[in-house]
Amino acid sequence: MDMTLRWYGRKFDTVTLKQIRQIPGVTGVISTLYDSVPGEAWETDKILALKNEIEDAGLKLLGIESVNIHDAIKVGSPDREQYIDNYITTLERLGQADIHMVCYNFMPVFDWTRTELARVRPDGSTVLAYTQEAVDKLNPEDMFASIEADSNGSILPGWEPERMAKIKDLFAMYKDVDDEKLFANLKYFLERIMPVCDKYDINMAIHPDDPAWSVFGLPRIIINKENILRMMKMVDNPHNGVTFCSGSYGTNLENDLPDMIRSLKGRIHFAHVRNLKFNTPTDFEESAHLSSDGSFDMYEIMLALYDIGFNGPIRPDHGRMIWDEVAMPGYGLYDRALGAAYLNGLWEAIVKSHR
Ligand SMILES: [Mn+2]
């Protein structure tokens, strides 16, 4: 297991590689070419510049989060071929740069969805939060405006202004896409990319939909054990794997997280581990990582990862905003550093108790 932090690159992140390097037990980062556009082939020069910068700081680039999927691939329109070819080129170049894990998601229109980016908790920290009742009252355009107003001036992944400018067109594109069609388009995409993944030993790690149910009537498929096992089976190749994100699967309280982890043995290539605190079944907030602060048993989650022999990169996920830090919501330094230290502590105790 390699403890990492997500890093958006020097131009976009308030956290520096030097700071990440000083978190005990963190040996790598997960990064991306944050100014790339979904559908384009990444340039080798840019990949190597990113990798070198990270290595010069004494860290490893242990994977990419994310190489985003163009909407043509998700809806299965005829021009998808060109975008899949570009995706394959990107994977080839990543493989040649000795990068072997790629996180991606297959969510229509919206990436992750929250209704508040700075809900104040009793201790004065602020956190991302979600209330279904608020979503039910909003139309998608207003959702974007409220996210933008709340984002401390940063551009949030999946909520880029260029993308949101064409939100009506995006909804129109997905009008005939239901769950079955989305599954079929995902299968088509995976079958096309598996040969290059096999050649360069690249583990594809699909991120779950967040929250793990349909939002604004759009189909969402990567939401529970049944669907994810269906996906593993439909393209039965070890390089077709998952990002196990406890905070995303955990949005649905019917998901038994340790059980899901055990059922995915050999197919979890990346782990996001964080806690949520549920106030009602449809209202949750992103608490501190500790079990005692939220609704999940973090020890059981880490134990399940240990039991299946998980040895990929792992990262704390969204952190609270604490100690007056100003950063991209969820991606400050302090609370994620506390999260990494806590997860490392759990892991050490699990490893030693199994000797
Ligand atoms: Mn996640």
Side-chain angles (χ1 to χ4, degrees), residues 1-8 13 15 26 28-32 34 62-69 101-108 110-115 117 127-130 147 154 156-159 203-213 215 220-225 227-228 231 241-253 255 257-258 260-261 264 267-278 284-289 294-296 298 301-302 304-305 310 312-320 327-332 335-340 342-343:
M1 180 273 255
D2 292 297
M3 185 57 68
T4 66
L5 231 62
R6 187 177 193 180
W7 185 64
Y8 287 99
D13 208 312
V15 180
V26 171
V29 297
I30 302 295
S31 192
T32 186
Y34 199 33
L62 289 170
I64 300 295
E65 180 177 357
S66 306
V67 181
N68 286 318
I69 312 268
M101 192 285 291
V102 171
C103 175
Y104 69 103
N105 72 66
F106 221 70
M107 279 181 262
F110 294 105
D111 212 300
W112 57 272
T113 306
R114 291 290 171 273
T115 52
L117 299 182
V127 294
L128 293 97
Y130 183 93
I147 292 263
S154 33
L156 297 167
W159 292 91
N203 287 325
M204 295 301 295
I206 195 165
H207 191 280
D209 304 347
D210 190 344
W213 56 76
V215 176
R220 294 200 138 179
I221 54 177
I222 309 302
I223 54 173
N224 56 27
K225 178 174 164 180
N227 285 18
I228 196 71
M231 181 197 159
V242 311
T243 297
F244 194 85
C245 178
S246 63
S248 299
Y249 283 122
T251 55
N252 184 342
L253 287 168
N255 284 334
L257 301 175
M260 286 178 82
I261 291 170
L264 287 162
R267 302 295 275 273
I268 298 180
H269 299 317
F270 184 27
H272 293 176
V273 183
R274 70 178 145 96
N275 205 345
L276 297 177
K277 180 172 171 48
F278 280 84
F284 60 82
E285 54 200 43
E286 299 185 348
S287 63
H289 285 72
S295 302
F296 304 155
M298 304 305 281
I301 289 169
M302 294 300 281
L305 287 169
F310 173 74
I314 182 172
R315 67 171 182 80
D317 213 342
H318 303 162
R320 302 166 304 148
M328 186 190 298
Y331 286 99
D335 200 44
R336 287 190 301 150
L338 293 175
Y342 169 68
L343 298 176

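Read the numbers this way: they start at 1 and go in the same order the structure lists the ligands and their atoms.
- Within the 2.8 Å limit, H272 places at least one N, O or S atom next to the Mn ion (ligand 1).
- No other N/O/S atom of H207 lies as close to the Mn ion (ligand 1) as NE2 does.
- For W213 and Y249, the ring centers are positioned 6.0 Å apart or more.
- For D317, the N, O or S atom closest to the Mn ion (ligand 1) goes by the atom name OD2.
- In summary, the aromatic rings of H272 and F244 are positioned with their centroids too far apart to meet the 6.0 Å limit.
- Checked for salt-bridge contact, R320 and E286 miss the test: no charged N lies under 4.0 Å from a carboxylate O.
- For the residue pair R336 and Y331, no side-chain donor N or O sits within less than 3.5 Å of a side-chain acceptor on the partner.
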